[in-house]
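Throughout, a chain's letter reflects where its sequence line sits, starting with A, and its residues are numbered from 1. Only a predicted model underlies this, so the values are computations on that prediction, with no experimental measurement involved.
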Amino acid sequence: DAGVTQSPTHLIKTRGQQVTLRCSPKSGHDTVSWYQQALGQGPQFIFQYYEEEERQRGNFPDRFSGHQFPNYSSELNVNALLLGDSALYLCASREAGSGNLGTQYFGPGTRLTVL
Amino acid sequence: SQQGEEDPQALSIQEGENATMNCSYKTSINNLQWYRQNSGRGLVHLILIRSNEREKHSGRLRVTLDTSKKSSSLLITASRAADTASYFCATARGYNFNKFYFGSGTKLNVKP
């Protein structure tokens with residue numbers, strides 16, 4: 001059983017560009033959350049998707065948007081990239097029906113570098 | 001900004017010793033979870049403790065929760081070099097407790 005997968009592994013962009021990161025949750029998982037982790041810091045919650053809708057959002061500007069597809073996979077889009085967007089982007093999924101006590105399973109992350 | 005804080009920020013011990021990490025948070029929670037992260041990659045879930053629980057064990061791990069002090073501790077007994085990693089606590093808050101807030105982490109180095 002494959003775990004949470006993310007693509008690409010690494011990405012280099014320049015300021016002002018747009019980027020799309022992808023996440024496939026574990027089998028049987030229907031909730032996907034995205035996090036941004038700057039170097040030396042803990043992950044910061046960006047948003048959570050469930051039933052193809054954004055259910056919760058952290059303190060991130062509208063440049064950060066997402067989508068969840070019928071197969072539960074998800075995308076994170078970031079527009080007008082800034083140098084400060086350089087970080088490790090993590091995706092986490094949770095088992096269907098587990099509610100807010102469910103364990104989050106994290107993917108390996110996408111390392112985004114903005115030059 | 002981080003919503004919780006772990007201390008110490010860094011901890012270096014010898015193999016076989018115990019390691020204790022602390023986490024403090026600011027608002028009401030539904031549950032608190034501890035995670036491990038190796039070399040800046042994905043996080044691995046270690047243990048979850050509910051807000052109505054005071055202590056929980058899993059193998060060499062012991063977690064305590066004091067909701068009156070808004071703090072938790074993670075104890076790793078008989079540490080091994082393989083325990084070298086960053087450890088984070090995360091609290092579930094927000095509407096329906098679906099927002100997870102991580103602390104800034106404790107970097108543990110276990111020397112062989």
Side-chain angles (χ1 to χ4, degrees), chain A residues 2-7 9-10 23-26 29-51 53-60 84 86-95 98-113, chain B residues 1-7 9-10 21-53 56 58 63 65 74 85-107:
Chain A
V4 179
T5 60
Q6 292 186 243
S7 64
T9 305
H10 294 88
C23 170
S24 290
K26 275 176 67 79
H29 288 201
D30 63 355
T31 302
V32 173
S33 299
W34 285 93
Y35 295 83
Q36 179 195 66
Q37 186 177 23
L39 203 61
Q41 300 294 317
Q44 291 200 50
F45 178 80
I46 303 175
F47 41 51
Q48 182 185 82
Y49 276 85
Y50 172 71
E51 291 188 339
E53 289 189 359
E54 182 182 295
R55 185 161 65 170
Q56 294 275 1
R57 190 178 183 91
N59 190 26
F60 279 80
S86 295
L88 180 68
Y89 288 85
L90 296 162
C91 166
S93 70
R94 204 167 66 194
E95 188 175 9
S98 63
N100 55 40
L101 290 174
T103 297
Q104 290 193 100
Y105 290 84
F106 281 81
T110 293
R111 174 75 62 187
L112 173 65
T113 302
Chain B
S1 63
Q2 300 297 337
Q3 298 292 315
E5 291 298 327
E6 286 95 338
D7 80 87
Q9 290 187 327
M21 288 158 266
N22 303 296
C23 166
S24 61
Y25 56 92
K26 297 176 182 175
T27 62
S28 296
I29 62 171
N30 171 270
N31 65 78
L32 186 144
Q33 304 180 31
W34 284 90
Y35 289 82
R36 185 186 74 225
Q37 185 176 40
N38 291 85
S39 303
R41 300 304 287 173
L43 283 82
V44 174
H45 180 264
L46 296 176
I47 198 165
L48 178 152
I49 185 165
R50 301 183 186 203
S51 57
N52 61 353
E53 297 176 314
K56 206 159 182 182
S58 177
V63 168
L65 179 64
L74 170 67
S86 291
Y87 291 81
F88 296 91
C89 68
T91 51
R93 312 182 205 170
Y95 173 71
N96 212 26
F97 298 102
N98 275 311
K99 282 188 181 182
F100 289 88
Y101 290 92
F102 283 80
S104 50
T106 292
K107 189 172 278 191

Is the count of non-hydrogen atoms from other residues, nucleotides or ligands lying under 6.0 Å from B:Lys107 atom NZ greater than 12? no
Under a 4.5 Å heavy-atom cut-off, does chain A meet the side chain of B:Leu43, its backbone, both or neither? both
Is it the backbone or the side chain of A:Gln48 that comes under 4.5 Å from a heavy atom of chain B, or both, or neither? side chain
With a 6.0 Å cut-off (strictly less than), is the heavy-atom count around CD of B:Gln9, excluding the residue itself, greater than 12? no
Using side-chain heavy atoms (C-beta onward) and a distance below 4.5 Å, is B:Phe102 in contact with A:Tyr35? yes
Nearest heavy atoms of A:Thr103 and B:His45, plus distance in Å: CG2-CG, 3.3 Å
Does any non-hydrogen side-chain atom of A:Gln44 lie less than 4.5 Å from one of B:Phe100? no
For a side-chain contact (heavy atoms from CB on, under 4.5 Å) check, start with the C-alpha distance between A:Leu88 and B:Gln37, then their side-chain angles and the critical distance, and finish with the verdict. CA-CA 12 Å; A:Leu88 180 68; B:Gln37 185 176 40; 4.0 Å; yes
Which class fits the ring pair B:Tyr35 and A:Phe106: parallel under 30°, tilted 30 to 60°, perpendicular over 60°? perpendicular
Would A:Gln37 and B:Phe88 satisfy side-chain contact (heavy atoms from CB on, under 4.5 Å), going step by step from the backbone distance to the final call? CA-CA 12 Å; A:Gln37 186 177 23; B:Phe88 296 91; 3.6 Å; yes
